[in-house]
Amino acid sequence: MSYLVDAAQAQLRAAVSTAAQKAVEAGVFPTLPQGEFRIEVPQNRGFGDFSANAAMAWAKELHQSPRSIAQTLAEKLDLCDTYFEKADFAGAGFLNFYLGAEYYAAILLDIRAKGEDYGRSDWGGGRKVNVEFVSANPTGPMHMGNARGGALGDCLAAVLERAGCKVSREFYVNDAGNQIAKFALSLDVRYRQLFEGDNAPALPEDAYQGTDITALAKAYADEHDSSLLALSEEARRQALVAYALPKNISAMQNTLTKYRIIYDRWFFESELHNSGQVKDLLTQMDELDLTYERDGAVWYKASEHGGEKDEVLVRANGVPTYFAADIAYHRDKLLTRAFDEAIDIWGADHHGHVARMQGALDALGLDGAKRLKVILMQLVRLMSGGEVARMSKRTGNAITLTDLLEDIPVDAARFMFNLREPETQMEFDLDLAVQQSSQNPVYYCQYAHARACSVLRKLAETGKPLRQCNADELALLTTPEERELIAHLAALTGETEAAARLYDPAKIARYCIELSTLYHKFYAACRVNCEDEKLSAARLFLCDCVRSVLHSQLTLFKITAPEEM
RNA sequence: GCGCCCGUAGCUCAGGCGGAUAGAGCAACUGCCUUCUAAGCAGUGGGUCACAGGUUCAAGUCCUGUCGGGCGCGCCA
């Protein structure tokens, strides 16, 4: 697949090289310059659609000033048979190029032909990618970090698909290990407190204190009875966990479904233990001489593989650590299931875990440094009424994902959590998210879409429906507003690839905002339903391209694109 | 103490590879609806890019140091 933008840039490269060649033949340049130069889009559109820094890059080897080199090149440039209609030089020695009308027409015809697929890229080459996100602890409700992680992970997965990767969305359920034991203990104490009054033990400080634990214990007691008291502590805890854990997990699934997140796989940590994969891993690591025993525990020689210090894999009590299970889990992703790349979205407080995880995978020959990408998501500061909001006014507890989705529209949450780079701290304004106004960026984009739909609808009603236009008609779109709008439409594929390469779906959200702005400006400046039938048709054609792209990008994020508002 | 991330307008943030006059939105002020959605557009004001050095034709961007903020350094996950 080749894109018009790439084609245009390739034309420039060729034209500049040919011009340099001519300058040598004419004796103006002493030698043919070899240095690399770049074609870029100037920040200021007054400097053309593309610029080249060849004159600056070649100043040294040609022993001439950048400006005189630029002048020479500009004189020798031949832009026949290219998308460009003119070139000039400016500033320190930039060559600036201006696209001709055929290019703009070609972009719109391309969008029309590809429809919702416009902007797709084969950048990923069908690479198999696993995106693991949220993976909240099933012992309690999901929090605000999970809200950001959910929106980020789901949209990143969507962007990667759009950029030509084969993506699987995954949730890792930590249903084994210490935190489940703690969950069991907490449930047990709350259960006994229901029946034994003052004789029941107090809840230890490091146990789960939340009211959700009490509620689960009571729900069990209501559905069953006090008969667990007769059982051994272990049997009682087992019964309580067997009851409560599936309840919690299905609650998470419900909430995430409301959040429009559908996973391809829910992967249970317990499977790794039950299937013997953790044991196999430990055997393999032992055979590779990656482990040793000390103080009754099995240690991994992390310090020999990029880690700061060695790490325990199996505790003295014989129970494997989370780290051991996690290595087995990632080995399963990269080796057993043969994903080319595993992307994990973690809270930034886990950053100490990244290097040792990658190091361990490297030591297993799985090239962890390359194939495991960890996105360290910074925490969210919820703001309400200009102040940091920690507690839900309704429940009095920390704000959960469920609370959030009851308070604000899913569209707003999914969009606004993807407005910032993942690895930077962000503020989330609850008041803004519920506002149905221009200040709310998601409404701004939806309004642009609805507006485009409305224009299409109105003109169809007055007997001027959308029709196919030819390049000559589309070449009538020459105002600055039309040109800028089309130029931004042309940038979608590159933006999709950049978002995928940088693991940053926020680029697409910002692209939508910018596209909306340019459309609103166009709308204010250019009347679609005008006297000139051809111009009117061409403008309507442009409206439909904008509508199509906004629709495909909002839908990509699973945000609704209303036809009227 | 060691390690990671961050510091850009009053506020929230853009500025992948060093490039031309550092950009948006919000907030403040001023205009624009007899015609396609005013949930919009146009305009005004607002900056020692934390600070100090260095690298070069060119530094918000790269390097070093300082200050300020966040986080991590468990037989927790």
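We name chains A, B, ... by the order of the sequence lines, and we start the count at 1 in each one.
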| request: Check whether the side chains of A/Thr424 and A/Gln378 place a donor and an acceptor atom closer than 3.5 Å, and report yes or no. | output: no

| Should A/Tyr208 be listed as having a side-chain N or O under 4.0 Å from OP1 or OP2 of B/C76? | no

| query | What integer number of Å spans the C1' atoms of B/C63 and B/U44? | reply | 41 Å

| query | Is the NZ or CZ atom of A/Arg13 both under 6.0 Å from the centre of the six-membered ring of A/Phe37 and within 45° of that ring's axis? | reply | yes

| task | Output, in order, the C-alpha distance, side-chain angles, deciding distance and verdict of ring-ring contact (aromatic ring centres under 6.0 Å, His included) for A/Phe94 and A/Phe47. | result | CA-CA 9 Å; A/Phe94 287 98; A/Phe47 295 130; 7.6 Å; no

| Side-chain heavy-atom pair A/Cys453, A/Glu564 within 4.5 angstrom cut-off | no

| With sugar-phosphate meaning primed atoms plus P, OP1 and OP2, does A/Glu563 contact a base, only sugar-phosphate, or nothing at under 4.0 Å between heavy atoms? | base

| message | I'd like to know if A/Glu36 pairs up with A/Arg38 as an ion pair, taking the criterion as any Lys NZ or Arg NE/NH1/NH2 lying under 4.0 Å from an Asp or Glu carboxylate oxygen. | response | no

| Steps toward side-chain hydrogen bond (donor to acceptor under 3.5 Å, both in side chains) verdict (A/Lys464, A/Asn529) | CA-CA 9 Å; A/Lys464 299 180 193 170; A/Asn529 190 6; 2.5 Å; yes

| Are A/Arg451 and A/Tyr523 in a cation-pi contact, defined as NZ or CZ under 6.0 Å from the six-membered ring centre and within 45° of the axis? | yes

| Mind checking the C1' distance from B/A24 to B/A9? Whole angstroms is fine. | 11 Å

| C1' spacing across the pair B/A27 / B/C73, given as an integer number of angstrom | 42 Å

| query | Can you list the stems that include RNA chain B, where a stem is three or more consecutive Watson-Crick or G-U pairs with distances under 3.5 Å? | reply | B:1-7 with B:67-73, B:10-13 with B:23-26, B:28-32 with B:40-44, B:50-54 with B:62-66

| request: Could you check if the base of B/C33 is syn or anti? Syn means the glycosidic torsion is within 90 degrees of 0. | output: syn

| request: Quote, to the nearest angstrom, the C1' distance that separates B/A20 from B/A59. | output: 14 Å

| query | When you check the phosphate oxygens OP1 and OP2 of B/C76, does a side-chain N or O of A/Asn178 lie under 4.0 Å from one of them? | reply | yes

| field | Integer angstrom distance from the C1' of B/U61 to that of B/G19 | value | 11 Å

| query | How would you label the contact of A/Asp295 with the nucleic acid (heavy atoms, under 4.0 Å): base, sugar-phosphate, or nothing? | reply | base

| Atom CD1 in A/Ile213, atom CZ in A/Phe183: separation rounded to 0.5 Å? | 5.0 Å

| When we call it a touch if two heavy atoms are under 4.0 Å apart, what does A/Cys526 touch: a base, just sugar-phosphate, or nothing? | base

| Can you tell me if A/Glu269 and A/His273 form a side-chain donor-acceptor pair at under 3.5 Å? | yes

| Between A/Asn174 and A/Gln179, does any side-chain donor sit less than 3.5 Å from a side-chain acceptor? | no

| field | Sugar-phosphate, base or nothing in reach of A/Glu311, heavy atoms under 4.0 Å | value | nothing

| message | Strictly under 4.0 angstrom, non-hydrogen atoms only: write out the protein contact profile of nucleotides 2-10 of chain B, one letter per nucleotide from the 5' end, B, S or -. | response | -BBS-----

| query | Base, sugar-phosphate alone, or nothing: which one does A/Lys60 contact when heavy atoms must sit under 4.0 Å apart? | reply | sugar-phosphate

| said: If you assign each of A/Trp299 and A/Ala524 to its closest nucleotide in RNA chain B, which residue comes earlier from the 5' end? | reply: A/Ala524

| request: Answer yes or no on whether A/Lys301 is positioned over the face of A/Tyr292, meaning its NZ or CZ is under 6.0 Å from the six-membered ring centre and within 45° of the axis. | output: no

| task | Classify the nucleic acid contact of A/Arg356 as base, sugar-phosphate or nothing, counting any heavy atom under 4.0 Å across all strands shown. | result | base

| field | Nearest to side-chain heavy atoms of A/Met426, which nucleotide of B/A38, B/C13, B/C41 | value | B/C13

| query | So does A/Glu132 pair up with A/Lys333, basic N to acidic O under 4.0 Å? | reply | yes

| said: Tell me whether the side-chain N/O atoms of A/Arg315 come closer than 4.0 Å to OP1 or OP2 in B/A77. | reply: yes

| task | Please work out if A/Phe323 contacts a base, only the sugar-phosphate, or nothing of the nucleic acid, heavy-atom cut-off 4.0 Å. | result | nothing

| query | Which nucleotide in the list B/U37, B/C13, B/C41 gets nearest to the side chain of A/Glu427? | reply | B/C13

| query | Touch check for A/Arg527, heavy atoms < 4.0 angstrom, all strands: base, sugar-phosphate only, or nothing? | reply | base

| Between B/C13 and B/G7 - P atom distance, rounded Å | 11 Å

Give each protein N/O atom lying under 3.5 Å from an N/O atom of nucleotides 16-20 of chain B, with the pair distance.
| residue | atom | partner | partner atom | Å |
| --- | --- | --- | --- | --- |
| B/G16 | N7 | A/Arg501 | NH2 | 3.0 |
| B/C17 | O2 | A/Arg38 | NE | 3.3 |
| B/C17 | O2 | A/Arg38 | NH1 | 2.6 |
| B/C17 | O2 | A/Arg38 | NH2 | 3.2 |
| B/C17 | N3 | A/Arg38 | NE | 3.1 |
| B/C17 | N3 | A/Arg38 | NH2 | 2.9 |
| B/A20 | N6 | A/Ser51 | OG | 3.2 |
| B/A20 | N6 | A/Asn96 | OD1 | 3.0 |
| B/A20 | N1 | A/Asn96 | OD1 | 3.2 |
| B/A20 | N1 | A/Asn96 | ND2 | 3.2 |

| request: Taking the side chain as every heavy atom from C-beta outward, state whether A/Thr517 and A/Tyr444 have any atom pair closer than 4.5 Å. | output: yes

| remark: With the side chain defined as heavy atoms from C-beta on, A/Ala297 is closest, among B/U37, B/C71, B/C75, to B/C75

| said: I want to confirm an ordering. Mapping A/Ala450 and A/Gly177 to their closest nucleotides on RNA chain B, which one lands closer to the 5' end? | reply: A/Ala450

| message | Is any side-chain heavy atom of A/Phe428 closer than 4.5 Å to one of A/Arg381? | response | no

| field | Nearest-Å distance once atom C1' is located in both B/C41 and B/C33 | value | 11 Å

| message | Please determine whether a side-chain nitrogen or oxygen atom of A/Lys309 lies at a distance below 4.0 Å from atom OP1 or OP2 of B/C73. | response | no

